[in-house]
Student: 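Questions regarding the structure given below will be posed in turn.
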Amino acid sequence: MSRYWFPCLFLFISYPVLAGEIVFPVAKNAEIQTLQQAQEKVRAFRQANPNTPDDVVIEIAGGDYELEQPLTLGIGDSGTEQSRTIWRAKAGETVRLLGGKILHSWEKVSDSQLLEQWEPGVREKIYQTNLKAEGISGFGAVGKGGAELFFDGKPMQVARYPNEGFIKITGLLNEEPVEIHGAKGDKIGKFHFEDSRVNRWTNEKDAWVHGYWFWDWSEQRHKVRSIDTEKKILEIEPPYHTYGYRLGQWFYGFNLLCEIDQSGEYHLDRDTGILYFYPPSTPAEKESFLSRIDSLFLLTNASHITISNLILEGCRADAVIVRDGKDVFIATSVIRNIGGTAVSISGGFGHGVQGCDIHETGAGGISLSGGDRDTLESAEHFADNNHIHHFARLQRVYQPGISLRGVGNRATHNLIAHAPHMAIGFGGNDHLMEFNEIDDVCYESNDAGAIYTGRNWTMRGNTIRYNYLHDIEGFEKKGCVGVYLDDMFASADIIGNIFLRVSRAAMIGGGRDNSIVNNIFIDCVPSLHIDARALGWAAYHADDWIKEAGEKGTISGIPWNKPPYSEKYPALVNILEDEPKAPKGNVISQNICLRGVWDKSAGFWNMSIEEKARPYLAIENNTVWVTENDQFVGTNPLFADMEHPEKAGFRLQEDSPALQTGFQPIPFEKIGPYQDANRASWPIQKEE
């Protein structure tokens, strides 16, 4: 389409237009120089032309735009079904919206007292800058939600010890003993350590520790109260961790000026505003900036808006927040180097995130929450064709790459990789998780799920289909779960997925009415975990639900035996009269298992199927080929490549016995991101 000029007489300014578009150009040397000015012009145009059939575009010329406050969009900024409001980069140009301040003034540290605390080989490499002199104040909390330093496009590391890995708790004082599910610990945050390096922290004025203090899936940051260097006892400031502290658990120290000992580490003195930094290269050679504002876009009750082709970075919390409204679309953008979640959507209808590259977030990737659980009305939010990796830098657990909450949201064709905890977390009804590839997650946690949900009989109608999960083993390879239906979660369909080298690949934790059908399990130990926990140690959860049903007529706040639940989920209606604590209605059929473990028990956490659960299960038509006593037993599924099935796309030979059971070939070629006009980059570059 040719570009021409159209006189917008009511504003006395001329704007370039594409056929079907009214374009408001933003450039630093143009009539509209700031994004706020463009926003005001568009609001005025919308007010004067409420029925325009053309899209209204804020087209941003290439360059960096430092924001001093979020761009706040509402009803007045909205488009219509016929005329979207679009924020985008000018074609072929790179636009970055920066929530931080670029730092220019660096000098080498010369204070002799400071220099003495660092190793001789490090002293000449540490620089400092006065942030207050740069006009920056209000540095926020230590560890999360506060100011962060970025250099050469990457987040730098608050000085910590050890640089990698953890220190172990070597002893407890048992001042207030606690026991949870047989695990013993101490409620008081006071414990022994062996590493004498910790003794160096006694002179630090704001030392912190971050650890997995009791369970392998629950972490917390604590300010250090005191260190007894003779007895090697570290004491932290209350409030203490919810569960307590346990022998052998792991932690590290951070916010430690004395521990700047490798390139990329820094320390911010929040009292003086001095930032100390050991840069990977001379500061003048590369850009450095400090995150400053909380968010970049804040949309409330906004509708029919597109944000596309932008680089968003440098804020302290969530980059894009969408609350209520309708049809907000974030696409083709790079969201990186932020302190919170890339995109957080709550309420409203039909919002989506598509084709974005998201990485180096402090929390999760994309959070979708919407729909009405009382009426089962769907929100229809979606996350599609995104590459989400290296997230949850600061908040390490329960910050998934994609979160689905409420009713009727979907995560499709995403690549999610390299995270300390889960890839997808969901809760609610009628969500779809389909055609996603998940790799190398849960690497810093155990008893965790790449796809996780739990603890509800009424959250039904969820589908986990055609996903590829691989190389997921847990912290120190102690074991994690591929798809984790925790604590009696009910009615999820796990269909047509591929699990390759995933410990405890598919797990039903005592729930009901779930299906594990037509999946491929390869080198998974075990492939299945199905237990009857509500008939044993977890009965108290079910007891609470049953009690609530009798007293309030609801289960987890839902009137389960009345419309719309009784109509949509008939299996739920009579649950209280049908052995409610038993894992009934679960179907395991037409799966393929190659190598690894299928259904043998070897202790609770490594079991396949608990014997107490087995009588309740429908297990049929599975093709299993595993080793016993160094010999293969069962039925060979006959993959096209038996040694490395992934190299042949997990394709079966034409005479595969699995096909005779009704197994349907899985469309492996459709899994993961796809080339599209709304992809931020192509081909996808997988990061290590």
Student: Would you call D294 and R316 a salt bridge, using N to O less than 4.0 angstrom?
Tutor: no

Student: Would a distance-only check, ignoring hydrogens and angles, find a side-chain to backbone donor-acceptor pair under 3.5 Å from S78 to G74?
Tutor: yes

Student: Check the pair V343, D318 against side chain to side chain contact (heavy atoms under 4.5 Å, CB included), reporting the backbone distance first and the verdict last.
Tutor: CA-CA 6 Å; V343 181; D318 300 344; over 6 Å; no

Student: What's the spacing between Q39 CD and I58 CD1 if we round to 0.5 Å?
Tutor: 6.5 Å

Student: Closest approach of E134 and S105, non-hydrogen atoms and distance?
Tutor: OE2-N, 3.3 Å

Student: Check whether R292 reaches the backbone of C315 with its side chain - one donor and one acceptor, N or O, closer than 3.5 Å.
Tutor: no

Student: Could you check whether E434 pairs with R410 (Lys NZ or Arg NE/NH1/NH2 to Asp/Glu carboxylate O, under 4.0 Å)?
Tutor: no

Student: Do the side chain of N385 and the main chain of N678 share a donor and acceptor less than 3.5 angstrom apart?
Tutor: no

Student: State which residues pass ring pair (Phe, Tyr, Trp, His ring centres under 6.0 Å) with H387; sequence neighbours excluded, sorted by chain then number.
Tutor: H389

Student: Using the salt bridge (charged side-chain N to carboxylate O under 4.0 Å, His left out) criterion, which residues pair with R221? Sequence neighbours excluded.
Tutor: E219

Student: How close do W217 and V397 get, heavy atom to heavy atom, and via which atoms?
Tutor: O-CG2, 3.6 Å

Student: Does a side-chain N-to-carboxylate-O contact under 4.0 Å join E360 and R336?
Tutor: no

Student: Determine, for D357 against R679, whether the closest basic-nitrogen to carboxylate-oxygen distance falls under 4.0 angstrom.
Tutor: yes

Student: Do V320 and L312 pass the side chain to side chain contact (heavy atoms under 4.5 Å, CB included) test, and can you show the C-alpha distance, the side-chain angles, and the key distance before you say yes or no?
Tutor: CA-CA 9 Å; V320 180; L312 306 176; 3.7 Å; yes

Student: For the pair K101 (side chain) and E68 (backbone), establish whether a donor and an acceptor sit closer than 3.5 Å, ignoring hydrogens and angles.
Tutor: no

Student: Could you state the interatomic distance from CZ (F668) to CD1 (I498), rounded to the nearest 0.5 Å?
Tutor: 5.5 Å

Student: Can you find a pair of side-chain heavy atoms, one from K90 and one from P25, that are under 4.5 Å apart?
Tutor: no

Student: Report the C-alpha separation of Y468 and E646 in whole Å, then their side-chain angles, then the decisive distance to 0.1 Å, and conclude whether the side chain to side chain donor-acceptor pair (under 3.5 Å) test is met.
Tutor: CA-CA 10 Å; Y468 176 36; E646 67 274 20; 5.8 Å; no

Student: Step through the shown structure and confirm whether more than 12 heavy atoms of other residues, nucleotides or ligands are within 6.0 Å of CZ on R323.
Tutor: no

Student: Could you go through the side chain to side chain contact (heavy atoms under 4.5 Å, CB included) check for F475 and S445 one step at a time?
Tutor: CA-CA 5 Å; F475 181 63; S445 49; 5.7 Å; no

Student: Check the side chains of T306 and R84 for a donor-acceptor pair under 3.5 angstrom, ignoring hydrogens and angles.
Tutor: yes

Student: How long is the gap from CZ on R405 to NE2 on H431, to the nearest 0.5 Å?
Tutor: 7.5 Å

Student: Can you tell me how far the CZ atom of F277 sits from the CD atom of Q157, to the nearest 0.5 Å?
Tutor: 11.5 Å

Student: In this structure, is the centre-to-centre distance between the rings of F297 and W87 below 6.0 Å?
Tutor: yes

Student: Is a side-chain N or O of N414 found less than 3.5 angstrom from the main chain of T412, in a donor-acceptor match?
Tutor: yes

Student: Do Y252 and H210 have side-chain atoms, one donor and one acceptor, less than 3.5 Å apart?
Tutor: yes

Student: Give the minimum heavy-atom separation between P279 and F151, together with the two atoms involved.
Tutor: CB-CZ, 4.3 Å

Student: Counting only heavy atoms not in E669 (residues, nucleotides, ligands), do more than 12 fall under 6.0 Å from its CD?
Tutor: yes

Student: Is the closest basic N to carboxylate O distance between E93 and R88 below 4.0 Å?
Tutor: no

Student: Between I321 and L299, does the side chain to side chain contact (heavy atoms under 4.5 Å, CB included) criterion hold? Intermediate values first, please.
Tutor: CA-CA 6 Å; I321 299 174; L299 298 92; over 6 Å; no

Student: Has the side chain of N467 got a donor or acceptor atom that lies under 3.5 Å from a matching backbone atom of M433?
Tutor: yes

Student: Using the six-membered ring wherever Trp is involved, compare the ring planes of F435 and H413 and label them parallel, tilted or perpendicular (cut-offs 30° and 60°).
Tutor: parallel

Student: Heavy-atom count around K286 NZ within 6.0 Å, excluding the residue itself: above 12?
Tutor: no

Student: Using side-chain hydrogen bond (donor to acceptor under 3.5 Å, both in side chains) as the criterion, point out the one residue from T85, T52, D77, T80 that pairs with R46.
Tutor: T85

Student: If we count only N and O atoms by modelled type, under 3.5 Å, do the side chains of E380 and N409 hold a donor and an acceptor together?
Tutor: no

Student: With heavy-atom distances below 4.5 Å as the criterion, would you say the side chains of Q33 and V26 are in contact?
Tutor: no

Student: Compare every heavy atom of R96 with every heavy atom of E287, then report the nearest pair and how far apart it is.
Tutor: OE2-NH2, 2.7 Å

Student: Could you grab the distance from atom CD1 of I451 to atom CG of N462, nearest 0.5 Å is fine?
Tutor: 11.5 Å

Student: Got a sec: does the CD of E377 have more than 12 other heavy atoms crowding it under 6.0 Å?
Tutor: no

Student: Answer yes or no: does atom OH of Y276 have more than 12 heavy-atom neighbours from other residues, nucleotides or ligands under 6.0 Å?
Tutor: yes

Student: Say whether, by atom type as modelled, one donor and one acceptor occur between the side chain of S403 and the main chain of S367 under 3.5 angstrom.
Tutor: no

Student: Do I330 and V328 make a side-chain contact, defined as non-hydrogen atoms from C-beta onward lying under 4.5 Å apart?
Tutor: yes

Student: Can you tell which of Y452, F426, Y484 makes a ring pair (Phe, Tyr, Trp, His ring centres under 6.0 Å) with F489?
Tutor: F426

Student: One pair to check against salt bridge (charged side-chain N to carboxylate O under 4.0 Å, His left out): R396 and E444. What are the steps and the verdict?
Tutor: CA-CA 8 Å; R396 303 294 282 177; E444 196 177 274; 2.9 Å; yes

Student: With sequence neighbours excluded, tell me which residues meet ring pair (Phe, Tyr, Trp, His ring centres under 6.0 Å) with H381.
Tutor: H351

Student: Looking at every heavy atom in both V353 and N386, which two are closest together, and how far apart are they?
Tutor: O-ND2, 3.1 Å

Student: Are I388 and L415 close enough that some pair of their side-chain heavy atoms sits under 4.5 Å apart?
Tutor: no

Student: Hey, are W106 and T282 close enough side-chain-wise for a donor-acceptor pair under 3.5 Å?
Tutor: no

Student: Answer whether the closest heavy-atom distance between the side chains of I495 and I464 falls below 4.5 Å.
Tutor: no

Student: Within this structure, what is the NE2-NZ distance for the pair H390 and K154, rounded to the nearest 0.5 Å?
Tutor: 10.0 Å

Student: For F329 and Q354, work out which heavy atoms get closest and say how close.
Tutor: CZ-OE1, 3.1 Å

Student: Under a 3.5 Å cutoff, is there a donor and acceptor pairing between the side chains of D384 and Y674?
Tutor: yes

Student: Given side chains that start at C-beta, do those of V142 and V158 come closer than 4.5 Å, heavy atoms only?
Tutor: no

Student: For this output row, return yes or no: ring centroids of H470 and F499 closer than 6.0 angstrom.
Tutor: no

Student: Distance-only, no hydrogens or angles: does the S333 side chain make a donor-acceptor pair with backbone N or O of I311 under 3.5 Å?
Tutor: no

Student: With a distance cut-off below 6.0 Å to the six-membered ring centre and an angular limit of 45° from the axis, does R270 pair with F139 as a cation-pi contact?
Tutor: no

